[in-house]
Chemist: 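Structure incoming, see below.
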Amino acid sequence: MTPLTETGWLGAAGALAAAPVIGFAFGWFLERGGLGSAPKLAGQFYLTDLTVFKVMFSALLTAMLGAFWLDRLGVLQLDLVYLPETFALPQAVGGALFGVGFLVAGLCPGTSCVAAATGRRDGLGVIVGMLIGVWLFNAAFVWVEPLYSATPMGSIRLTDLVDIPSGAGVAGVTALALIGFAVAGRIERADR
Amino acid sequence: MRRPRPYTDPYLAGIGVGLVLLAAYVVVGQGLGASGAFASVVASGTAALQGTARAAMVPAVAPYLPFGVSSPLRDWLVLELMGVVAGGFASAWLAGRLRRDTERGGGVSSAQRMTAAIAGGVVMGFGAKLARGCTSGQALSGGALLSVGSWIFIATCFAAGYACAPLARRLWR
Amino acid sequence: MTRLHTALALVAAVLAGAAGAADLASPVASRQPLAFIGAPDLAARIMRGDATLRLFDLRTADAYQQFHIPTAVHAAPADLADVPLEPGTDVVLYGDDRRALTEGVRAMPAERRSRVRVLREGLSEWLGRVHEPRLAADATPEERAEFERAAAMSRFFGGMPLANVPRAEVPAGYWTGTPRSDDLLAAAALQSVATIRRRGC
């Protein structure tokens, strides 16, 4: 039945039309949660404001549990949903670089757009910086390519790696996240 | 100008984001994203400046230019990000949070903050291309699907951020 | 707020616990991540006349008529369920879109699925790596040696090896990295590959 685009219910034009609608909702909730404000986001790294962790992982949990059960109930064909390919080394290095940039900028690509949309000039600055960063990557691609293409592992899930059923993986991640939320609450209370 | 309303509970906002992500899986068979749109815009800009044929020969740019169509509007992620801008604006407007401002920590000037924003953005842009995604695309969308690379990204992203936090303290205190 | 949080946490815990229990009790056939084969490896097997290889083209019939990999048979993804296959045969699929490939893999009987391989970048990879291998004008001796091998293979398939290509058109890693089709879109355009829906994050 779904994904609609993969089962013939929605064509390419429909998919493109859905994009801004989905984006609108995304931007809406990000702003609602306060993720359009760089000091709030940066507080994550100083353990004063754990909003980023709470929003990200409750979103992850919701989508993960929702996807699992919709798949189990036959509503969603999960293996028709695009699963990004894993390239372990460049994603580790890129992730680390991204984390440093995120700390300094205080906003990530999506939230920088929210910030800019709400009038924050620093949001605009991050956007400009990212366009430059992408351009630099393209310019340096010839040298970066060996790292970029290293360690391909295909479209692989955590549950494929350790060979457990996906439901067990879902349960494990949920447990970790809930523990994380409890710890986050403690940390924030202690900080007051 | 409305008085700014307090933010929604982060868990509720997060559930909202999660439902949007789930809707994306169900409707278009893919997750959300952001950095890909930036890559697409740069690719189109490159094509506009250098001509599409030459741009298509640049390995990092070519995947974004199928058949010489160099309009970023063709790209799903760009349209999605335009929606993000509209949604963020609408939410802030209704909550009285629209404000022309340069948000920063107490220890730096606006100019220093802007420099940091741009510099951080440059590093993020580079890192996101290398990692094939960002917090929206890899951490969130790939993470919810339990993709190994996405979780590697989550781990190294936050580890690096926390590790370097003491060095950037001045920016945010 | 905390009571709401506790309620939400309980809902999550119940859903997650049920998920674990459900999968442990009646495991769904584990999803097979798509396994890949590189175009040069595929070409080598075809050249050897490997009888254990069955190659299927999952694109449209028109595209197949225009050009297909030698020895490939045209098929719709659903047809793969009915194709008689001896045990021990390896199946390789290629196509334009991921949906057709995933459906194709899923149509195969369960015990075969782990032996199915897919061309990561479809026909573009074949064209770029086998049909038209390219050598930069300022190639190193190692690259020349690789190219000679690839050129022989290309001629076998009636292709057109390209020597003396500007260095900029031979991306780093072409001869040593994992196969990519980043610079092959011009060739792909000639072969009426369906519109690529941009993926990415």
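Letters A, B, ... mirror the listed sequences (proteins, then strands); counts begin at 1.
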Chemist: Report yes if the side chains of B:V27 and A:T2 come closer than 4.5 Å at any heavy-atom pair, otherwise no.
Modeler: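 No, too far: nothing below the 4.5 Å cut-off.
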Chemist: Any non-hydrogen side-chain atom of A:F29 less than 4.5 Å from a side-chain atom of B:V20?
Modeler: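 Yes; the side chains approach each other to less than 4.5 Å.
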Chemist: Let me confirm one number: the CZ-CZ distance from B:R104 to A:R120, rounded to the nearest 0.5 Å.
Modeler: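 Spacing of CZ (B:R104) from CZ (A:R120) equals 13.0 Å.
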Chemist: Are the side chain of A:D122 and the backbone N or O of B:A117 linked by a donor-acceptor pair below 3.5 Å?
Modeler: no
Chemist: Could you give the distance from CE (A:M56) to OG (B:S136), rounded to the nearest 0.5 Å?
Modeler: 7.5 Å
Chemist: Which one wins on heavy-atom pair count under 4.5 Å against chain A: B:L140, B:L171, B:L21?
Modeler: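 Ranked by heavy-atom pairs under 4.5 Å with chain A, first place is B:L140.
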Chemist: Does any backbone or side-chain atom of B:A155 lie under 4.5 Å from a heavy atom of chain A? Answer side chain, backbone, both or neither.
Modeler: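 Neither part.
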Chemist: Side chains of A:E31 and B:Y7: donor-acceptor distance under 3.5 Å anywhere?
Modeler: no
Chemist: Tell me, do A:Q91 and B:S150 make a side-chain contact under 4.5 Å, heavy atoms counted?
Modeler: no
Chemist: Could you report the tightest heavy-atom contact between B:V122 and A:L136, atom names first, then the distance?
Modeler: CG1-CD1, 3.8 Å
Chemist: Which region of B:R169, side chain (C-beta onward) or backbone (N, CA, C, O), has a non-hydrogen atom less than 4.5 Å from a non-hydrogen atom of chain A, or is it both or neither?
Modeler: both
Chemist: Please examine the side chains of B:F38 and A:C113, heavy atoms only from C-beta on, and report whether any two atoms are closer than 4.5 Å.
Modeler: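 SC-SC contact between A:C113 and B:F38 confirmed.
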